[in-house]
Amino acid sequence: MSILLEGRFKELPPDKSIDTKAFLDSVSRLPAFFDCLGSSVFSVIKSDINGNITKIRNVYEKDPAKHVTLRHILEAEREEHRGEWPKVGATLALMWLKRGLRFIQILLQSLADGERDENKPNYIHTNIKKAYEQALKRYHGWVVQKVFQAALLAAPYRSNFLKALSNGEETTEDDCLEKVRQFLVNYTATVDAIYEMYTHLNAELDYTV
Ligand code: 0SG
């Protein structure tokens, strides 16, 4: 389960502020997972997510003391870019990244909840489609929706996906899903907090790509 356990997200403090460095450390471990999925279509997604992370990291590293939490970054960019904000810099990168993170959250939660197509129990298409419809579809025009269709065709079998989550280790499905549930506790709280921050700061945008 190293993919999930090595990249564990920290428990949030009561004010739900998200420490930028800890967030970047955890989130940076996720893209490597795409290499385990075995199709080049996932490299497009990996590169998009890596691009988001790099953009946020570059802003953070310009002045770590000023950007201690993700909220500090959004507020500093709002001040700096005024008319352009929020469609700019790390604010834009995190806006997209959070949608990918929400996709992963819904997919893993759906698997952990045992949702599956009874006629095709070793497929995860039902779980993937649910995650896509809730987290991403509304932001995608038809070209990107075609990329999604291609990714869906290349989706691994459920058993292989769980094995990839376990980093190839021999574990039972129940063990793996239990670790997914543990991972989801702080992960979900973090993703929820980012969404709340975007709503609160009026930083959410609704255009399609
Ligand atoms: C296990 C099987 C999983 C199946 C996975 C299917 C997933 C869905 C596939 C969707 C395909 C997405 C391909 C990429 C799409 C991108 O165009 C969009 C928009 O990208 C943003 O566009 C950039 O991310 C921004 O970058 S920034 O850092 O510079 O700010 C920016 O360029 C923006 C445009 O800027 S603007 O013109 O507005 O100024 N990206 C997405 O939709 C995010 C996709 C995330 C997918 C996460 C999938 C996770 C799968 C996990 C599997 C465990």
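Start at 1 and go down the list; that is how both ligands and their atoms are numbered. Values below: all heavy atoms of this structure, side chains included; hydrogens, waters and symmetry mates excluded. Nothing here was measured: the structure is a model prediction, and the numbers come from that model.
The protein heavy-atom contact nearest to atom 51 (C) of ligand 1 is Ile104 CG1, 3.5 Å. In this structure, the protein non-hydrogen atom closest to atom 4 (C) of ligand 1 is Phe42 CE2, 3.9 Å. Ranking protein heavy atoms by distance to atom 45 (C) of ligand 1, first place goes to Gly100 CA, 3.8 Å. Scanning all protein heavy atoms for the shortest distance to atom 9 (C) of ligand 1 gives Ile45 CD1, 3.7 Å. For atom 24 (O) of ligand 1, the closest non-hydrogen atom of the protein is Asn52 ND2, 2.8 Å. With respect to atom 15 (C) of ligand 1, the closest heavy atom belonging to the protein is Val144 CG1, 3.9 Å. Atom 2 (C) of ligand 1 has its closest protein heavy atom at Ile128 CD1, 3.6 Å. Scanning the protein heavy atoms around atom 20 (O) of ligand 1, the nearest turns out to be Asp48 OD1, 3.3 Å.
In this structure, atom 30 (O) of ligand 1 has a protein heavy-atom contact shorter than 4.0 Å.
Distance alone, capped at 3.5 Å, is enough to place a donor-acceptor pair between the Arg181 side chain and the Ala112 backbone. Not one N or O on the side chain of Arg99 forms a donor-acceptor pair closer than 3.5 Å with the backbone of Leu136. Asn122 contributes a side-chain N or O that, together with a main-chain N or O of Ser159, makes up a donor-acceptor pair within less than 3.5 Å. Judged purely by atom type and a 3.5 angstrom limit, Thr69 has no side-chain atom pairing as donor or acceptor with the backbone of Asp19.
Checking Asp174 against Thr172 by side-chain atom types alone, no donor-acceptor pair falls below 3.5 Å.
Residue contacts with ligand 1, taken as heavy atom pairs separated by less than 4.0 Å, involve His140 solely via side-chain atoms from C-beta onward. Residue contacts with ligand 1, taken as heavy atom pairs separated by less than 4.0 Å, involve Lys87 solely via side-chain atoms from C-beta onward. Neither the backbone nor the side chain of Leu97 comes within 4.0 Å of ligand 1, counting heavy atoms alone. At a 4.0 Å heavy-atom cut-off, ligand 1 touches Tyr207 through the side chain alone.
Taking a cut-off of under 4.0 Å to the non-hydrogen atoms of Lys55, the atoms of ligand 1 that pass are 27 (S), 28 (O), 29 (O), 30 (O). For ligand 1 and Ala93, the ligand atoms under 4.0 Å from any heavy atom of the residue are 28 (O), 30 (O).
Atom CD1 of Ile73 sits about 9.5 Å away from atom NZ of Lys62, to the nearest 0.5 Å.
At a threshold of 4.5 Å between side-chain heavy atoms, the hydrophobic network of Ile, Leu, Val, Met, Phe, Trp and Tyr places Leu12 and Phe23 in one connected group. Residues Ile106 and Leu165 do not share a hydrophobic cluster, defined by chaining ILVMFWY side chains whose heavy atoms lie under 4.5 Å apart.
At least one test fails for Lys137 against the ring of Phe148: distance under 6.0 Å to the centre or angle within 45° of the axis.
Using cut-offs of 30° and 60° for the angle between ring planes, the His140 and Trp96 rings count as parallel.
Between the choices Phe103, Phe34, Tyr132, Trp96, the shortest heavy-atom distance to atom 7 (C) of ligand 1 belongs to Phe103.
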